[in-house]
Amino acid sequence: MKYIYIKTWGCQMNEYDSSMIITLLQKKNKYLITESVENADILILNTCSIREKAQEKVFHQLGRWKKIKNKNPKVIIAVGGCVATQEGKEIFKRANYVDIIFGTQTLHKLPKMISEVEKTKKLSIDISFPKLEKFKHVLESKITGYTANVSIMEGCNKYCSFCIVPYTRGNEISRPCDDILFEISILAKQGVREINLLGQNVNAYQGPTFNGKICYFSELIRLVAEIDGIDRIRFITSNPLEFTDDIIEVYEDTPKLVSFLHLPVQSGSNKILNLMKRSYTIEDYESIVKKLIIARPNIQISSDFIVGFPGESEIDFQQTMIFIKNINFDMSFSFIYSNRPGTPASKMEDNIDIKEKKRRLYILQDRINKQTMSWSRKMFGSIQSILVEGVSNENIMYLYGRTENNRIVTFKGSSKMIGQFVNIKIKKVHTHSLKGELFEN
Ligand code: SAH
Ligand code: F3S
């Protein structure tokens, strides 16, 4: 028996890719997963290059794995994901003990590449972009609970001036609608109750159908909602650009779609949005949110922010802070701007001191945390539908599950409830977690 150890960094797309790698290697090469690096015959690193720090981490990790390979030269080291796609052979130049370099679109070639390395003991590299090929190899993803991620599209065409993704994941391409529905119906039969539709810009989805038509994102959500057993639908990430009225209408007629939306805005200043090449204005964003509130009065919005983008003045930052209050965002992922080689922004003059960038990030995160808490407080005494995920780590008498707006709720219940939706009355409130009691009517 051979064992694989896999480490995954980055976004949900990478998590999804890793689950495909595991399914594939288990099926084709009969490998088993191990949690111990020392036991592994193959070490796989699925990398992220969204920010500089994420990229540097790769070489630190490889340095640690080198020691393992020194002890056992038979161990195969494979590097995949966004850093591998971007750097290609450069990785080998810096770490010549790496055996395999595979890209975000070539992970299905891993079984063949592993056999090749076993025979030749030479570097095997493939970072090409064969469109959607990887999905043909694995239709069912690995289930890790009652909620599953399903990729509906790959890549991004938006070329925001700061972002590396279009270069590492390629241009936008949508998976055929019927493949997605088939994958979800299999997951539903295996007990999955909640689906998270994944893509860099899910709202730009345009998948071909079996009868030669195009299925748009709004239609796809309605079709997923029709699948027996699937009772909750999420998606990530959507873009304010192409967040069209037909998608807003789904919030009116499809209750299975959660009342929670992650819609990255990046900045509250039109000047910065323009420099970022986001192709929308703050007014466009506000107009989407207004319409969403009409369609779904209890909707909560979360977002991504970048602070310290080249040229961001104190006034621009203050505009972001005002915008955060106005929209009353529930949560955020917020980052200090990181210069990515090859992107248009990397040529702009980065005129802001790192101390100042950190100050802005702190102020922004502090404000969002307060808003998160105030949204949580509003939930006190309310009845929430929870998808029960398992037994609480802290107390075996308690179960835990998630609300529509991503809060973890713990409550006393029977293990029979795991994998089911239950109604819980909220009795105690913390920023990201809640406590409650079963509510039976
Ligand atoms: N498709 C999404 C973005 C995906 S990248 C969208 O439309 O916005 C995830 C997040 O990483 C981005 O929203 C951005 O906030 C952050 N990010 C991307 N590139 C970055 C960079 N160069 N520096 C700092 N943060 C970055
Ligand atoms: Fe990146 Fe902009 Fe696309 S942030 S993923 S280029 S929408």
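The structure presented is a predicted model; accordingly, all values stated were derived computationally and were not measured. Numbering of ligands and ligand atoms starts at 1, following listing order.
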Ligand-side contact atoms (ligand 1) for residue partner Asn239, heavy atom cut-off under 4.0 Å: 7 (O)

Heteroatom N/O/S of Cys160 within less than 2.8 Å of atom 2 (Fe) of ligand 2: yes

Cation-pi check, Arg51 onto Phe335 ring (under 6.0 Å, within 45° of axis): yes

Test item, Arg169 contacting ligand 2 (heavy atom, 4.0 angstrom): no

Heavy-atom nearest neighbour in the protein, as seen from atom 7 (S) of ligand 2, with distance rounded to 0.1 Å: Asn239 ND2, 3.2 Å

Shortest non-hydrogen contact between His262 and Ser238, atoms and distance: O-OG, 3.2 Å

Closest candidate by heavy atom, reference atom 5 (S) of ligand 2, pool Gln266, Lys158, Gln200: Gln200

Heavy atoms of other groups near Ile315 CD1, more than 12 under 6.0 Å: no

Contact partition for Arg340 relative to ligand 1, non-hydrogen atoms under 4.0 Å: side chain

From Val165, Ile336, Val265 - option closest to atom 24 (C) of ligand 1 by heavy atom: Ile336

Atom indices of ligand 1, in the order listed, that fall short of 4.0 Å to a heavy atom of Arg278: 6 (C), 7 (O), 8 (O)

Modelled atom types, side-chain donor and acceptor of Glu15 and Thr8, under 3.5 Å: no

Any donor-acceptor N or O pair under 3.5 Å, side chains Asp316, Ser313: yes

Region of Gln266 engaging ligand 1 - heavy atom pairs below 4.0 Å: side chain

Min N/O separation Asp304 to ligand 1 under 3.5 Å: yes

Distance-only side-chain donor-acceptor flag, Gln318 / Thr320, under 3.5 Å: no

Gln200 neighbourhood, listing ligand 1 atoms whose heavy-atom distance to it stays under 4.0 Å: 1 (N), 2 (C), 4 (C)

Selected option - heavy-atom contact closest to atom 18 (C) of ligand 1, from Ile50, Leu263, Thr237: Ile50

Ligand 2-proximal atoms of Pro264, by part, heavy-atom distance under 4.0 Å: neither

Distance-only donor-acceptor check, side chains Glu154 and Gln105, under 3.5 Å: yes

Exceeds 12 heavy-atom contacts within 6.0 angstrom, atom NZ of Lys358: no

Within reach of ligand 1, part of Pro264 (heavy-atom separation under 4.0 Å): side chain

Atoms of ligand 1, numbered as shown, that sit under 4.0 Å from any heavy atom of Ser338: 21 (C), 22 (N), 23 (N), 24 (C)

Lys NZ or Arg CZ of Arg340 over Phe162 ring: under 6.0 Å, within 45°: no

Under-4.0 Å heavy-atom contact with ligand 1, by part of Phe335 that carries it: side chain

Pair Gln12, Asn149: side-chain N/O donor-acceptor within cut-off below 3.5 Å: no

Distance-only polar pair, side chains of Arg296 and Ser259, donor-acceptor under 3.5 Å: yes

Ligand 2 versus Tyr159: contacting region, heavy-atom distance under 4.0 Å: backbone

Per-residue contact class, Ile164 against ligand 1 - non-hydrogen pairs under 4.0 Å: neither

